[in-house]
There are 2 protein chains.
Amino acid sequence: MKTKTKQPEAGMLPLNEILAGDCIEVMNSLPEASVDLIFADPPYNLQLKGDLHRPDNSKVDAVDDAWDRFASFDSYDRFSADWLAAARRLLKPNGAIWVIGSYHNIFRVGAALQNTGYWILNDVVWRKSNPMPNFRGKRLTNAHETLIWASKSEGAKYTFNYEALKQLNEGIQMRSDWVLPICTGHERLKDEAGDKAHPTQKPESLLHRVIVATTNPGDVVLDPFFGTGTTGAVAKKLGRDFIGIEREEAYRKVAEARLADVRKYDRESLAVTQSKRSEPRVPFGQLVERGMLRPGEVLTSPGGKVAKVRADGTLVADQVAGSIHQVGAALEHAPSCNGWTYWHFKRDGKSVPIDLLRQQIRAEMRAN
Amino acid sequence: MKTKTKQPEAGMLPLNEILAGDCIEVMNSLPEASVDLIFADPPYNLQLKGDLHRPDNSKVDAVDDAWDRFASFDSYDRFSADWLAAARRLLKPNGAIWVIGSYHNIFRVGAALQNTGYWILNDVVWRKSNPMPNFRGKRLTNAHETLIWASKSEGAKYTFNYEALKQLNEGIQMRSDWVLPICTGHERLKDEAGDKAHPTQKPESLLHRVIVATTNPGDVVLDPFFGTGTTGAVAKKLGRDFIGIEREEAYRKVAEARLADVRKYDRESLAVTQSKRSEPRVPFGQLVERGMLRPGEVLTSPGGKVAKVRADGTLVADQVAGSIHQVGAALEHAPSCNGWTYWHFKRDGKSVPIDLLRQQIRAEMRAN
DNA sequence: AATAGCACTGAATCGGACA
DNA sequence: TTGTCCGATTCAGTGCTAT
């Protein structure tokens with residue numbers, strides 16, 4: 001499979017090539033109803049203002065590229081409507097599209113998708129196992145991105161490999177939330193200077209799941225925002241044909257070199273690093289949120305110490321407040337304390353360690 | 001706290017009541033800038049023909065699919081724009097809103113939110129630990145819903161209890177994906193016939209986290225789609241005032257009975273862990289004035305930098321003089337520096353951060 | 001040859017009080 | 001409104017180097 005960069009001839013479908021140019025113009029030059037799947041990672045329109053520093057004073061390398069800047073919501077909406085319409089023209093009647101985004105753009109893209117006539121099948125949450133933290137403590141850690149999966153129109157017979165996905169999920173029906181690590185390490189492509197070649201390279205594991213789920217071998221997968229070619233690389237490994245469109249020459253060059261190296265299905269590069277398989281962590285606060293213990297309830301220790309539960313899952317005793325472990329340690333004048341076995345609550349007149357409630361939650365988690 | 005159902009008097013803010021009527025009309029009758037938080041679970045079963053009608057009230061027949069789809073979406077968008085505008089008028093300048101939805105409506109609601117002038121702070125995924133499986137195996141298990149958290153406008157000083165949420169998550173900052181079970185069992189309200197009283201009753205654990213995160217005790221929380229009153233029940237337990245608006249009498253009756261049984265937690269349990277930012281400010285000069293450090297004493301940094309204390313509470317080092325923060329930043333060539341943790345002094349032969357002395361002063365202040 | 005420790009990094013809409 | 005200055009704030013990793 002050779003990879004070339006060129007302008008397409010009108011009416012021809014150039015396979016396994018990276019096409020140069022504006023994606024709307026290029027898509028309009030391709031024959032209609034010729035593509036099985038589109039995967040699109042459009043600009044997010046992040047609208048970042050000043051610099052951001054980590055607590056250690058290092059500067060966060062922000063996405064400030066020109067291609068991510070739009071004058072207004074209105075101009076972003078016109079852009080979305082235009083490329084979504086051009087993409088829809090290319091789809092076979094039973095074709096489908098995936099779009100990925102964050103809260104900055106995904107609501108606008110999703111609405112545009114519906115307005116264009118696509119039919120949403122699922123929204124999928126990519127839960128990042130290792131997201132960047134919120135350094136200033138001003139919001140929640142932005143730990144996920146959203147994908148939308150839609151068919152060309154309502155009632156279309158889209159492709160969905162239910163059993164294959166069930167296998168990917170240890171025999172259990174695949175859910176709409178996927179836990180996958182972000183793209184780091186050797187998978188992350190570098191430029192000649194050794195810097196990251198693209199600010200938003202997606203992990204191959206994500207594309208693997210998308211392509212296995214919604215295409216068959218031999219299908220044509222188009223990516224109008226090709227970047228460094230993750231979609232093409234995974235499509236090629238999985239025996240699908242791809243068409244990439246990319247405006248920036250630097251990205252095209254990196255993608256071409258990458259694709260030239262891709263040969264066959266390479267099981268190792270797709271193996272998802274599993275997060276630690278030990279017992280899941282259950283925050284004590286969850287017992288409070290779930291009403292298993294209520295704020296104000298009094299916990300006791302075997303030695304007769306008492307503490308009261310607060311609404312945020314901390315305890316307050318005479319003179320001290322903090323986590324179940326901290327308060328236990330303080331009251332015992334010990335360096336540490338396992339709050340789960342130390343603190344007890346009353347059930348049916350008997351004193352029971354709160355660890356019982358944690359075991360209850362873990363049992364539920366295992367059942368799901 | 002008594003719960004009543006009535007029509008509000010214009011200009012008055014009726015607290016801890018369920019107001020009957022269309023939420024837009026009722027909201028427009030309430031005084032502006034009077035509410036701290038809005039939680040909204042808008043209906044999204046308005047899809048297609050049924051509840052919708054064309055702008056000119058003409059009958060919809062399924063001849064023109066494209067037009068019909070547009071009319072439906074357009075009508076839903078106008079509904080969203082209207083209630084979001086009415087809600088925004090009620091918010092105090094530093095107020096915030098939460099909206100929950102699924103892929104059927106959340107993209108349209110999110111776009112409308114942005115168009116109305118709200119500023120999105122996070123989107124949050126409620127990951128259901130026990131979702132309904134997809135029986136037909138045609139799609140992914142729809143295992144999550146999406147919440148959007150937004151301030152009234154860009155740059156507003158919204159409330160976020162960062163430390164409390166960190167505590168709820170075992171000392172790690174809270175992420176944008178929340179794993180919580182759906183509302184079942186005793187918590188799920190039944191009607192007289194023993195059927196579920198409301199089709200989409202939300203779990204109290206979800207509201208607990210929302211309200212702890214983004215309000216303080218005594219705040220006013222409004223829910224324009226009150227349903228069976230989960231927002232009101234949790235607000236009341238947590239010592240917040242609520243305002244509910246609900247059109248359906250059957251839901252109002254269930255909610256009233258529910259709220260009558262709810263008790264508020266005691267004041268001490270409602271306190272949550274505060275951030276250091278809320279601690280009183282202690283000028284460094286006070287340590288010198290009080291003789292905890294004497295002029296001429298040498299402070300050191302972990303990296304071996306040195307500076308000398310001056311009588312006015314400034315430091316002087318090679319080439320630089322100024323506040324503890326300024327001198328630390330200059331010596332480290334850093335944009336900023338927390339002098340309290342950066343500078344150390346000698347006590348009993350050991351090097352101790354000067355923050356210890358500040359903590360000593362704060363402890364004294366608390367005791368008095 | 002392991003292992004510990006350190007540096008670095010990731011689609012981020014990331015102050016606030018007071019003068 | 002604008003400017004100044006205090007001083008609070010991070011998680012899960014990867015990979016290189018020193019021991």
Side-chain angles (χ1 to χ4, degrees), chain A residues 41-65 67-70 73 100-106 126 128-146 181-188 190 194-196 198-203 225 227 273 275-276, chain B residues 94 114 118-123 150-151 154-158 160 162-163 166 169-176 275-285 313-314 322-326 328-329 334-343 354-355 358:
Chain A
D41 183 10
Y44 287 9
N45 187 25
L46 286 189
Q47 308 175 70
L48 302 178
K49 300 270 161 40
D51 288 343
L52 177 64
H53 292 88
R54 298 185 180 80
D56 65 4
N57 275 324
S58 63
K59 191 175 157 215
V60 174
D61 186 16
V63 178
D64 54 2
D65 307 72
W67 51 253
D68 196 49
R69 289 197 287 269
F70 290 80
F73 280 140
I100 183 168
S102 67
Y103 67 83
H104 309 84
N105 72 323
I106 197 65
W126 168 27
K128 303 179 184 183
S129 56
N130 50 350
M132 186 159 77
N134 185 293
F135 296 116
R136 306 298 297 266
K138 303 311 291 181
R139 302 184 181 188
L140 301 160
T141 306
N142 201 353
H144 75 275
E145 293 189 26
T146 301
I182 60 176
C183 182
T184 59
H186 293 300
E187 188 186 329
R188 190 81 193 219
K190 304 289 190 294
D195 300 321
K196 59 189 175 195
H198 192 283
T200 71
Q201 188 184 339
K202 297 293 175 288
F225 307 98
T273 54
S275 46
K276 292 156 199 74
Chain B
N94 295 330
Q114 292 178 310
Y118 293 97
W119 190 247
I120 298 181
L121 300 168
N122 275 119
D123 61 336
S151 60
E154 184 181 358
K157 289 181 195 143
Y158 52 92
F160 180 52
Y162 174 75
E163 281 297 334
K166 195 170 169 178
N169 196 35
E170 285 265 289
I172 295 164
Q173 69 178 204
M174 185 69 80
R175 301 168 37 117
S176 57
S275 81
K276 279 191 196 162
R277 270 182 267 260
S278 60
E279 293 273 295
R281 186 167 289 200
V282 176
F284 174 72
T314 57
S323 74
I324 52 172
H325 316 291
Q326 288 166 340
S336 69
C337 171
N338 184 345
W340 291 105
T341 51
Y342 179 77
W343 292 111
I354 57 175
D355 196 43
R358 182 172 63 163

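Proteins get letters first, then strands, A, B, ... in listed order; numbering begins at 1 in each.
- Remark: A:H198 is not in phosphate contact with C:dA11, judged by side-chain N or O atoms under 4.0 Å from OP1 or OP2.
- Looking at heavy-atom distances under 4.0 Å, B:N338 makes contact with a base.
- Note on A:R139: a base of the nucleic acid sits closer than 4.0 angstrom, heavy atoms only.
- Considering only side-chain N and O atoms, A:N142 lies under 4.0 angstrom from the phosphate OP1 or OP2 of C:dT13.
- Across the P atoms, D:dA8 and C:dC18 are found 15 Å apart, a figure rounded to whole Å.
- At the phosphate of D:dT10, OP1 or OP2 sits under 4.0 Å from a side-chain N or O atom of B:Y162.
- For the pair B:W119 and C:dT13, the ring geometry qualifies as stacking, because the centroid separation is below 5.5 Å while the planes lie within an angle under 30°.
- Among the atoms of the strands shown, none is found under 4.0 Å from any heavy atom of A:K59.
- Within 4.0 Å of A:S102, counting heavy atoms only, lies no atom of the nucleic acid at all.
- Annotated as syn: C:dT13, whose O4'-C1'-N torsion sits within 90° of 0.
- Under 4.0 angstrom from either OP1 or OP2 of D:dC6 there lies no side-chain N or O belonging to B:H325.
- Put simply, B:S323 has a side-chain N or O that comes within less than 4.0 Å of OP1 or OP2 on D:dC6.
- B:I324 comes within 4.0 angstrom of nothing in the nucleic acid, heavy atoms only.
- Evaluation of atom-type donor-acceptor distances gives a pair under 3.5 Å for the side chain of B:S336 against the base of D:dA8.
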Could you summarise the pairing of DNA chain D as dot-bracket text, marking Watson-Crick and G-U pairs under 3.5 Å with ( ) or [ ] inside the strand and | across strands?
.|||||....|||||||||
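- OP1 or OP2 of C:dG15 has at least one side-chain nitrogen or oxygen of A:R136 nearer than 4.0 Å.
- A side-chain N or O of A:R54 and one of A:S58 form a donor-acceptor pair less than 3.5 Å apart.
- For A:K138, no side-chain nitrogen or oxygen approaches OP1 or OP2 of C:dT13 to under 4.0 Å.
- Residue B:R281 has a polar side-chain atom (N or O) positioned under 4.0 Å from OP1 or OP2 of D:dG7.
- D:dA18 and C:dA1 have their C1' atoms separated by 14 Å, with the value rounded to a whole Å.
- Ring centroid separation for the pair A:H104 and B:W119 does not come in under the 6.0 Å cut-off.
- Taking the P atoms as reference points, C:dC14 lies 23 Å from D:dG7, given to the whole Å.
- Heavy atoms of A:D41 sit under 4.0 angstrom from at least one base atom.
- Side-chain nitrogen and oxygen atoms of A:K196 include at least one within less than 4.0 Å of the OP1 or OP2 phosphate oxygen of C:dG10.
- Between C:dC14 and A:K49, no contact under 4.0 Å exists linking OP1 or OP2 to a side-chain N or O.
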